[in-house]
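Quick note: numbers below take in every heavy atom, side chains included, and nothing from hydrogens, waters or symmetry partners.
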Amino acid sequence: MRVEDLYPVLARCIEENGHHYRLNRLGPDTLEIEEEVQDCEPYRALFFQYHICRKGDTVVIRSTYKDDGLYFYLACRAASGQKVNIAFHGEHPFYNQDSIAEYQGTGNYHLASFFDLEYLPGYIEAHCQRFSHYSEYWSYHFFIPHLGRVGLNNHTSDPTQPLYNLDFDHPERKLKIFQSAIEKDGCYYFRNALTTEKLVEVLEEMKAELQPKDVTTILSCFEAVHQNYFDIESTIETDASLASVVEELTAYRQIVREGPVQFAVTENADGSFTVQAYYFQEPEGYSYTISDEDISDGHISLDKFLDMNFYEDMCRAIARQLCPTMPTVEDLDEVEIYYHRDSDRKLIASLFEETDITPILTQVK
């Protein structure tokens, strides 16, 4: 396949589906796909995705990121005594106050707890003293009614003179303490400025403002070695139905680009669920260039376009008229592949037969 083969396929895809993109030939072997801006409506942009299935007594959640809704769900399950784990370059188990004694002393872990807001300032003061000479970057997340997620970490700390970051992610209530924080896009940050004493003072003020609202129990989750999780597999030993898991995951309030995340839920033929979280994005004139060399090297990444509908239509058009496409890569165990011809299916099967990767094949008519 070359650029001259790709051009008419994409041109027809754009015209037939009414997408607001233009194709520019930059040379005989180079093509630019450009997003139009003028008089264009916002489009659906993918934020993250879950694939939820069951393996025996375990619910498996494959996800793009460790988003707040997923972390809240996992922490709730762990704090309630269920066995929870994240697989990400190794095992990252969750514990609660009863099971933390099982920790063997090496590797990352998450400690989930429910406790009364009244004790939060003193609890954090003791925690900071206990970890004052800890060399790793740790993080603490608190899920608090009327606020949402509150994050605390030592990511800029000098172990000998620790300072802490405290973040409020799109709080539902605006507190007086935010007057001394940095505000950006509806979030509030105390960065590089909180000693242990000042941190406890801010938490005491937060507690005083929230208690009249009858906030009592909060959920916390401590991560011993902070990770930037992506393409992860989470497992929970539970007999809960997959539908109820989907309901709980999508019930958590998450905000992106100043608006609520929206969800598209699909129940698959095998009983598993696919959940796409998306938001609406204003066109910004993004462009992407493809050359013959990119094609021959296999370096075409059409997912650079955030427009979910355009991306899906491109993947299907290319699969139907040129060659199989791989619209999503959940992990290295399974890959989704669109194909058209029966001969393509046989070729794909032969390519993967000696690997540990399972191709999920979808025929595009």
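- With hydrogens and angles left out, the side-chain atoms of Glu91 and Asn85 include a donor and acceptor closer than 3.5 Å.
- Phe168 places a side-chain heavy atom less than 4.5 Å from the side chain of Met206.
- Using a 30° and 60° split on the angle between ring planes, Phe305 and Tyr288 fall in the perpendicular class, above 60°.
- When all heavy atoms of Val364 and Ala319 are compared, the pair lying nearest together is CG2-CB, 4.3 Å.
- A donor-acceptor contact shorter than 3.5 Å links the side chain of His170 to the backbone of Asp185.
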* Asked: What do the steps show when you test Asp167 against Arg191 for salt bridge (charged side-chain N to carboxylate O under 4.0 Å, His left out), and what is the final call?
  -> CA-CA 8 Å; Asp167 304 337; Arg191 291 288 171 91; 3.0 Å; yes

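- Checking Tyr71 against Glu223 by side-chain atom types alone, no donor-acceptor pair falls below 3.5 Å.
- Looking only at distances, a side-chain donor or acceptor of Glu35 sits under 3.5 Å from a matching main-chain atom of Glu284.
- Residue Ala112 comes nearest to Ala75 through the heavy atom pair CB-O, 3.4 Å, listed as atom of the first residue, atom of the second, then distance.
- The backbone N or O of Cys76 sits less than 3.5 Å from a side-chain atom of Ser80, completing a donor-acceptor pair.
- Heavy atoms from other residues, nucleotides or ligands lying under 6.0 Å from CD of Gln38 number 12 at most.
- Ring pair Phe94/His110 is parallel by interplanar angle, where below 30° counts as parallel and above 60° as perpendicular.
- Between Ile290 and Leu302 the shortest side-chain heavy-atom distance falls below 4.5 Å.
- A donor-acceptor pair is defined here as one N or O able to donate and one able to accept, closer than 3.5 Å; no such pair exists between the side chain of Glu183 and the backbone of Ala181.
- Under the 30°/60° scheme for interplanar angles, the aromatic rings of Tyr109 and Tyr103 are found to be tilted.
- Surrounding NZ of Lys174 are more than 12 heavy atoms belonging to other residues, nucleotides or ligands, all under 6.0 Å away.
- Counting heavy-atom neighbours within 6.0 Å of Phe352 CZ, excluding the residue itself, gives a total above 12.
- Side-chain contact between Leu152 and Trp138: present, with at least one pair of heavy atoms (C-beta onward) separated by less than 4.5 Å.
- The closest donor-acceptor contact from the side chain of Asn96 to the backbone of Asp98 lies under 3.5 Å.
- Looking at Asn154 and Tyr134, their side chains never bring a donor and an acceptor atom within 3.5 Å of each other.
- The list of salt bridge (Lys or Arg N to Asp or Glu O under 4.0 Å) pairs with a residue in residues 115-136, not counting sequence neighbours, reads Glu118-Lys207.
- Within 6.0 Å of atom OH in Tyr65, 12 or fewer heavy atoms from other residues, nucleotides or ligands are found, so the atom counts as exposed in its surroundings.
- Counting heavy-atom neighbours within 6.0 Å of Arg25 CZ, excluding the residue itself, gives a total above 12.
- Considering every non-hydrogen atom in both Pro93 and Asn108, the closest pair reads CD-O, 3.5 Å.
- Taking the six-membered ring where tryptophan is involved, the planes of Phe47 and Tyr279 are perpendicular, since the angle between them exceeds 60° and thus also 30°.
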* List the steps and the verdict of side-chain contact (heavy atoms from CB on, under 4.5 Å) for Ser234 and Leu70. => CA-CA 9 Å; Ser234 306; Leu70 175 63; 4.1 Å; yes

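- Between the side chains of Gln276 and Gln49, at least one donor N or O lies within less than 3.5 Å of an accepting N or O.
- For the 3.5 Å distance criterion, the side chains of Asp313 and His19 qualify, holding a donor opposite an acceptor.
- One side chain, Tyr140 or Tyr123, offers a donor N or O that lies under 3.5 Å from an acceptor on the other.
- His20 and Tyr43 share no donor-acceptor pair across their side chains, judged by distance under 3.5 Å alone.
- In terms of heavy-atom proximity, Arg2 sits nearest to Ile295 at C-CD1, 3.7 Å.
- Taking every heavy atom of both residues into account, His155 and Ser139 meet most closely at NE2-CB, 4.3 Å.
- Note on Glu15 versus Arg12: no salt bridge recorded, every NZ/NE/NH1/NH2 to OD/OE distance being 4.0 Å or above.
- Every pair passing side chain to side chain donor-acceptor pair (under 3.5 Å) that includes a residue from residues 316-326 is listed here, sequence neighbours excluded: Glu312-Arg316.
- No more than 12 heavy atoms of other residues, nucleotides or ligands lie within 6.0 Å of CG in Asp57, so this atom counts as exposed by the packing criterion.
- Annotation: side chain to side chain contact (heavy atoms under 4.5 Å, CB included) contacts of Pro260 (sequence neighbours excluded): Ile255.
- When only modelled atom types and interatomic distance are considered, Tyr50 and Asp67 share a side-chain donor-acceptor pair under 3.5 Å.
- Taking the side chain as every heavy atom from C-beta outward, Glu282 and Pro42 approach each other to under 4.5 Å.
- Heavy-atom neighbours of Gln129 CD from other residues, nucleotides or ligands within 6.0 Å: above the threshold of 12.
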